[in-house]
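Since the structure comes first, as structure tokens, the remarks are kept for the end.
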Amino acid sequence: MKNHRLTSSMIENRNKIIKMIKHNSNGYSNWERFRNRVLYVLSSGPEDGHPDLTDRPVN
């Protein structure tokens, strides 16, 4: 079994995205709208067919 280094980079990236949404919106007054926006943004990835978001190999 190969030894792989475990990091929390994926979770940290998602936290950063959520903070950017909050910052750019100047605060949401509707919790459902904020929740839906976060779920929409986090679900938009290369596996969903977005050509501009491609997986790049890590050096």
Side-chain angles (χ1 to χ4, degrees):
M1 182 170 256
K2 294 182 180 180
N3 292 330
H4 292 283
R5 187 173 158 194
L6 297 176
T7 65
S8 61
S9 63
M10 295 299 286
I11 299 299
E12 293 296 329
N13 184 33
R14 294 200 174 207
N15 286 337
K16 178 183 168 190
I17 291 171
I18 293 170
K19 287 181 182 182
M20 285 176 21
I21 293 170
K22 286 170 56 178
H23 177 74
N24 290 336
S25 69
N26 292 324
Y28 275 93
S29 58
N30 185 340
W31 167 252
E32 288 297 318
R33 184 174 298 229
F34 172 69
R35 180 183 174 273
N36 289 337
R37 178 67 180 164
V38 169
L39 292 175
Y40 174 75
V41 170
L42 292 179
S43 69
S44 302
E47 63 278 354
D48 296 329
H50 295 277
D52 57 338
L53 300 174
T54 58
D55 288 331
R56 295 185 178 98
V58 178
N59 292 333

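Computation of the quantities below employed the complete heavy-atom set of this structure, encompassing side-chain atoms and omitting hydrogens, waters and symmetry-equivalent molecules. These figures come from a predicted structure and were not determined experimentally.
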Separation of K22 NZ from K19 NZ (nearest 0.5 Å): 7.5 Å
Nearest-0.5 Å distance that lies between atom CG in L42 and atom CD1 in I21: 6.0 Å
Mind checking whether [X] and [Y] sit in one hydrophobic cluster, side chains of I, L, V, M, F, W, Y counted as touching below 4.5 Å?
X   : Y   : answer
Y28 : V41 : yes
W31 : I18 : yes
F34 : L39 : no
I11 : V38 : no

side-chain contact (heavy atoms from CB on, under 4.5 Å) involving T7 - partner list, sequence neighbours excluded: R5, S9
